[in-house]
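Basis for what follows: all heavy atoms, side chains included, without hydrogens, waters or symmetry-related copies.
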Amino acid sequence: MNSGDPDTVLKAIDEFVAPDVRFHAPVPMGETGAKALKQVWDVLLRAFPDIHVTIEETVAEGDKVVSRNTVTGTHQGEYRGLAPTGRAVTYGEIFVFRFVDGRIAEIRGVVDVLTQLRQLGALPS
């Protein structure tokens, strides 16, 4: 996901994510399944072309993997109605991935959008 290359990200989603993945995250989307995840990454890569996800820790048990991440990037494209600001963002996220047959079948995410939007100047600090 850190390649910055949309084609590489889409190929990774196709390889590691079930087409009918259940995706629960705080993002508006008109798609479901892997298409929704692709849509999210399309938006993120256009808005933050230098986006970088650092995995801070992971916990695996049974069919689930939990990942706590730090995300950084520079706002260089439209995002949630905001024109590019050139501002840097750093925010946290936690995802729970459930696997079936070696592929991600369900994703639950908590993303610190409040911090992200404050750093972009969309909300008061």
On a heavy-atom basis, which atom in [X] and which in [Y] lie closest, and how many Å separate them?
X    : Y    : value
P49  : Q76  : CG-OE1, 3.5 Å
P19  : R103 : CD-NH1, 4.0 Å
A105 : A18  : CA-CB, 4.4 Å

So how far is it from [X] [atom1] to [Y] [atom2], rounded to the nearest 0.5 Å?
X    : Y   : atom1 : atom2 : value
T32  : R22 : OG1   : CZ    : 12.0 Å
E93  : E56 : CD    : CD    : 10.5 Å
Q119 : T72 : CD    : OG1   : 10.5 Å
D112 : T70 : CG    : OG1   : 10.5 Å
D50  : T74 : CG    : OG1   : 3.5 Å

TODO: Hey, could you give me each pair passing salt bridge (charged side-chain N to carboxylate O under 4.0 Å, His left out) that has a residue in residues 61-73? Not counting sequence neighbours.
DONE: E57-R68
TODO: Not counting sequence neighbours, which residues clear ring pair (Phe, Tyr, Trp, His ring centres under 6.0 Å) with F48? List them please.
DONE: H75, Y79
- [ ] For K38, look at atom NZ and say whether over 12 heavy atoms of other residues, nucleotides or ligands are found less than 6.0 Å away.
- [x] yes
- [ ] Tell me, yes or no, whether the heavy-atom count around L114 atom CG, taken from other residues, nucleotides or ligands under 6.0 Å, exceeds 12.
- [x] yes
Task: Note: R46-D42 ion pair, threshold 4.0 Å (strictly below) - done: yes
Are [X] and [Y] connected, step by step, through hydrophobic side chains (Ile, Leu, Val, Met, Phe, Trp, Tyr) whose heavy atoms are closer than 4.5 Å?
X    : Y   : result
I107 : L10 : no
F16  : W41 : no
I94  : M1  : no

Task: Criterion side chain to side chain contact (heavy atoms under 4.5 Å, CB included) against I104, the qualifying member of V21, L37, I13, V65 - done: V21
Task: Among L45, V9, N2, V89, the one residue meeting side chain to side chain contact (heavy atoms under 4.5 Å, CB included) with I51 - done: L45
TODO: Applying side chain to side chain contact (heavy atoms under 4.5 Å, CB included), run through R98 and R108 and close with a yes or a no.
DONE: CA-CA 9 Å; R98 185 176 59 84; R108 293 190 180 275; over 6 Å; no
TODO: May I have the step-by-step check of side chain to side chain contact (heavy atoms under 4.5 Å, CB included) for V40 and F23, ending in yes or no?
DONE: CA-CA 11 Å; V40 167; F23 184 44; 3.7 Å; yes
Task: Any R80 side-chain heavy atom under 4.5 Å of V113 side chain - done: yes
TODO: Measure from the side-chain N and O atoms of N69 to the backbone N and O of V53, and report whether any donor-acceptor pair falls under 3.5 Å.
DONE: no
